[in-house]
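Below: one structure, written as structure tokens.
What's counted below: heavy atoms across the whole structure, side chains too, no hydrogens, waters or symmetry copies. The first residue of the sequence shown is numbered 1, and numbering continues consecutively from there. The shown structure was predicted, so the numbers you read here are calculated from the model rather than taken from an experiment.
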Amino acid sequence: MNRVMIFLLSFYFGLGAFFSYIVAPQLFKSLERATAGGIVGKIFPLYFGIGLGAVGISLLIGFTSKMSRFLLFLLLANLVILLALNFYVLPQAHALKGAASPEFTKLHLISVIMSTVSLFLTFGAIVYLIVRTKDAGS
């Protein structure tokens, strides 16, 4: 089951890193701000939905397989962050999107920080699982 978890989490991590650090910045460099924001706004629900699915399924596998509390903590913290992003931060930011307000800027910063923390937690879980799988195979 470790390999399934590694696959799911690696898929989300790769997608998140590629979108956050390559695609989104390039969109904002190449297109008008409103157009780039519209595209990113359409992709976010899919991106965070994939994160919720990958982390949620991994947490379920980890829980039913009685994996370490450390791994379960990483996955649970990540799931909470993704739930907050998907159902609290992003809807609020979307409602303020048209207005270049300080509230939108604050929510955008919170979103970037939470998304980055989610990717770090995901990376930590992947490394933990790889080491654990390697140790179990030795």
Side-chain angles (χ1 to χ4, degrees):
M1 293 313 269
N2 285 5
R3 286 187 168 91
V4 172
M5 293 170 69
I6 291 168
F7 171 78
L8 290 170
L9 295 171
S10 295
F11 181 77
Y12 166 59
F13 180 78
L15 173 71
F18 182 69
F19 178 73
S20 298
Y21 301 108
I22 295 173
V23 174
Q26 192 60 43
L27 284 172
F28 281 96
K29 280 184 188 177
S30 304
L31 303 172
E32 291 182 20
R33 184 174 179 86
T35 304
I39 293 169
V40 170
K42 296 284 186 195
I43 294 172
F44 268 157
L46 177 64
Y47 162 47
F48 289 121
I50 289 170
L52 282 169
V55 172
I57 291 168
S58 295
L59 181 60
L60 185 61
I61 292 169
F63 184 72
T64 58
S65 301
K66 297 183 177 159
M67 293 198 175
S68 79
R69 289 183 183 184
F70 175 73
L71 178 63
L72 295 176
F73 170 77
L74 289 177
L75 295 172
L76 183 59
N78 202 348
L79 187 65
V80 168
I81 288 169
L82 288 168
L83 286 168
L85 268 168
N86 213 21
F87 298 109
Y88 181 73
V89 176
L90 293 179
Q92 283 193 349
H94 186 70
L96 296 170
K97 192 169 152 187
S101 66
E103 293 86 12
F104 176 79
T105 303
K106 180 181 172 184
L107 286 170
H108 179 264
L109 177 61
I110 290 169
S111 172
V112 168
I113 291 168
M114 291 175 77
S115 187
T116 301
V117 170
S118 173
L119 291 177
F120 274 109
L121 290 170
T122 302
F123 183 74
I126 293 166
V127 170
Y128 177 87
L129 286 163
I130 289 171
V131 169
R132 187 168 188 263
T133 301
K134 182 180 175 195
D135 289 346
S138 298

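Tyr128 and Ser68 share a side-chain donor-acceptor pair at under 3.5 Å.
Contact record, Ser115 with Ser20: OG-OG, 4.2 Å, taken as the closest heavy-atom pair. Residues Pro91 and Leu85 come closest through the heavy atom pair CD-O, 4.0 Å. When all heavy atoms are compared, the tightest approach of Asn78 to Val55 is ND2-CG2, 3.7 Å. Pairing each heavy atom of Leu9 with each of Ala54, the nearest pair is CD2-O, 4.2 Å.
Leu107 and Val117 fall within a single hydrophobic cluster, where Ile, Leu, Val, Met, Phe, Trp and Tyr are joined by side-chain heavy atoms under 4.5 Å apart, directly or via other members. Placement of Ile22 and Val112 in two distinct hydrophobic clusters is found when ILVMFWY residues are connected by side-chain heavy-atom separations under 4.5 Å, directly or transitively. Grouping the Ile, Leu, Val, Met, Phe, Trp and Tyr side chains by contacts below 4.5 angstrom, directly or via other members, places Phe120 apart from Ile81. Hydrophobic clustering, with ILVMFWY side chains joined whenever heavy atoms are under 4.5 angstrom apart, groups Leu119 together with Ile113. Note: the hydrophobic cluster containing Ile130 does not contain Phe73 (ILVMFWY, side chain heavy atoms under 4.5 Å, direct or indirect links).
Between Met5 and Leu75 the shortest side-chain heavy-atom distance falls below 4.5 Å. Tyr88 has its side chain out of reach of Leu83: every pair of non-hydrogen atoms, C-beta onward, lies at least 4.5 Å apart. Looking at heavy atoms from C-beta onward, Ile110 lies in side-chain contact with Met114 at the 4.5 angstrom threshold. With contacts defined as side-chain heavy-atom distances shorter than 4.5 Å, the pair Phe87/Leu52 qualifies. Between Leu46 and Phe19, the closest side-chain pair of non-hydrogen atoms is not below 4.5 Å.
Separation of the Tyr47 and Phe18 ring centroids does not fall under the 6.0 Å cut-off.
Atom CG of residue Asn86 and atom CZ of residue Phe44 lie 10.5 Å apart, to the nearest 0.5 angstrom. Of the inter-residue distances, the one linking Ile50 atom CD1 with Ile43 atom CD1 reads 10.5 Å to the nearest 0.5 angstrom. Within the model, atoms CG of Leu129 and CZ of Arg3 stand 11.0 Å from one another, a figure rounded to the nearest 0.5 Å. From Leu74, atom CG reaches atom CE of Met67 across 12.5 Å, with rounding to the nearest 0.5 Å. Here NE2 of His108 is found 13.0 Å from CG of Leu96. Values are rounded to the nearest 0.5 Å. For the atom pair Ile61 CD1 and Leu72 CG, the distance stands at 12.0 Å (nearest 0.5 Å).
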- Task: Run the numbers on Tyr12 and Leu82 for side chain to side chain contact (heavy atoms under 4.5 Å, CB included), then give the verdict.
- Result: CA-CA 12 Å; Tyr12 166 59; Leu82 288 168; 3.4 Å; yes
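By the neighbour-count criterion of 12 heavy atoms within 6.0 Å, atom OH of Tyr21 is densely surrounded, having more than that number from other residues, nucleotides or ligands. When the shell of 6.0 Å around CZ of Phe123 is examined, it contains 12 or fewer heavy atoms from other residues, nucleotides or ligands.
With sequence neighbours excluded, no residue forms a ring pair (Phe, Tyr, Trp, His ring centres under 6.0 Å) with Phe28.
Looking at Thr122, its side chain does come within 3.5 Å of a backbone N or O of Ser118 through a donor-acceptor pair. Although no hydrogens or angles enter the test, the distance criterion places no donor-acceptor pair under 3.5 Å between the side chain of Ser10 and the main chain of Phe7.
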